[in-house]
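As the structure is a computational prediction, the values presented were derived from the model and not from experiment. In what follows, chains are A, B, ... by sequence order, proteins preceding strands, each numbered from 1.
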There are 2 protein chains.
Amino acid sequence: MARIKTNKNVSKKELILRKAAALFRERGFAGSTMRELADLVGVEAPSLYNHIGSKSELLQAICFQVADLFNRHLEEVKQSPLGYSKKLEEIIRFHIHMMQASFDEVFVANHEWKQLPAPLFAEYLDQRRNYEAILTGWLEEGIRKKEFKKLNPRLTILTILSALRGLESLFRNKKNISSTELENNLITQLLHGINK
Amino acid sequence: MARIKTNKNVSKKELILRKAAALFRERGFAGSTMRELADLVGVEAPSLYNHIGSKSELLQAICFQVADLFNRHLEEVKQSPLGYSKKLEEIIRFHIHMMQASFDEVFVANHEWKQLPAPLFAEYLDQRRNYEAILTGWLEEGIRKKEFKKLNPRLTILTILSALRGLESLFRNKKNISSTELENNLITQLLHGINK
DNA sequence: CCTACCGATCGGTAGG
DNA sequence: CCTACCGATCGGTAGG
């Protein structure tokens, strides 16, 4: 009986988290109210606090769950035997898949992490910088091995990540563009260029 | 005397607008308060309302001033005799210049326009879509004339614009990277590709 | 441009 | 999970 109660609470908390991600994406974290969230969940606002600690705890859970998935994937690719261009291809593919699988969560993590309370803000920023630094290292190595043109590595990685973040506007409109076309288009454009 | 008074009001209003852009960029529109803005301007909160009508009027002014500059430049490039690849180069250069000249305002226009009140939201969205549609048209024409590879035109333009928007994170950190290096790097990467 | 203050709404708590 | 309600804070107004 105690176990059943726990399971029920967990699934309700997950429902709250999913609805929070959808709400925060639409209205932003600061622009969202716990009353709106309660409406989406189907309870009164004070009842939310039987399942969660605070509004910002929701943001925290969303941001770090997303970050964990990206970090874990990065570690896998890092330890693979692929060349640097292929490694970047893998990263591009994974960002597209994440956006399709968890659009609201990825969007909120990308846009609202700045609203995290002070210590978590710094921690999240660290993880982000680490992610970028590893990709930048790949580009530097790839330039040394003549795999890439001589470009500013950090700027180039930043541009790729920005382009991937921008896919959000596609998923928001629920455009029916296939995952394969997306991947192929972005890999061609970002790695091989659009000029003939 | 009436003229002097008017000039004074105009310059105070411009000060408020500049400070509002800086504040909205840092905290977001919903996360910013008129008390914080008043502190930045150096008056009490109610005094702001001698110069402005409302908080959302500030957002409106910032967003549409930025949009006007981009639209005017687009029109110039559209009527130029340049080829499509060179036209896109001009757009890339202008986005970089705008970001350098008016970082706060461009950032706010890009991120907070969704908070515009209903009729203005739709108007802004229209202008944005028109901007994207014209660039997409160039890409379609360029593909037909074998200037570009066969790519999804809308997706390709969206990717370029996303990459340009992402430059924000560079200017936020006040990185001392030259305008010329930025332009060259982005044009190479986005038009010619990074692979050797 | 200020002081004083408004109605509304916020995140969250008490108590059952 | 609800009703009742809190202190704080919000955008904005009145009046001088």
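The interatomic distance linking B:Leu48 (CG) with C:dC1 (P) rounds to 9 Å, in whole Å. Per the geometry, CG belonging to A:Asn50 stands 16 Å off P belonging to C:dG16, to the nearest Å. The nearest whole Å value for the distance from the CG atom in B:Asp39 to the P atom in D:dT9 is 14 Å. The interatomic distance linking B:Glu44 (CD) with D:dG11 (P) rounds to 15 Å, in whole Å. Taking atom OH of B:Tyr49 as the reference point, atom P of D:dG15 lies 18 Å away to the nearest angstrom. The interatomic distance linking B:His51 (NE2) with D:dG12 (P) rounds to 15 Å, in whole Å. Look at CE on A:Met34: it is 17 Å from C1' on D:dA8, rounded to the nearest Å.
Ring planes of B:Tyr124 and B:Trp113: parallel class, angle under 30° (limits at 30 and 60°). Between B:His73 and B:Phe94, the ring planes lie parallel to each other; the angle is under 30°, not in the 30° to 60° tilted range.
Inter-residue side-chain proximity for A:Ile194 and B:Leu139 is flagged as met; some heavy-atom pair is nearer than 4.5 Å.
Atom NZ of B:Lys19 has 12 or fewer heavy atoms from other residues, nucleotides or ligands within 6.0 Å.
Mapping A:Glu36 and A:Gly53 onto DNA chain C by nearest heavy atom places A:Glu36 closer to the 5' end of the strand.
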* **Verdict with reasoning, A:Phe24 to A:Phe107, per ring-ring contact (aromatic ring centres under 6.0 Å, His included)** => CA-CA 9 Å; A:Phe24 294 170; A:Phe107 187 101; over 10 Å; no
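In the set D:dC1, D:dC2, C:dG11, D:dC2 carries the atom at the smallest distance from any side-chain atom of A:Pro46. Taking the side chain of B:Arg35 as heavy atoms from C-beta on, and the options C:dG12, C:dC1, C:dC5, the nearest nucleotide is C:dC5. For B:Val43, counting side-chain heavy atoms from C-beta on, the closest listed nucleotide (D:dG12, D:dC1, C:dC2) is C:dC2. Of the candidate nucleotides D:dG12, C:dC1, D:dT3, D:dG12 has the atom nearest to the side chain of B:Lys55.
Across all strands shown, C:dG16 forms a Watson-Crick or G-U wobble pair, both distances under 3.5 Å, with D:dC1. Base pairing annotation: C:dG7 forms a Watson-Crick or G-U wobble pair with D:dC10, both donor-acceptor distances under 3.5 Å.
Within the 4.0 angstrom heavy-atom criterion, no nucleotide atom of any strand lies near A:Ser56.
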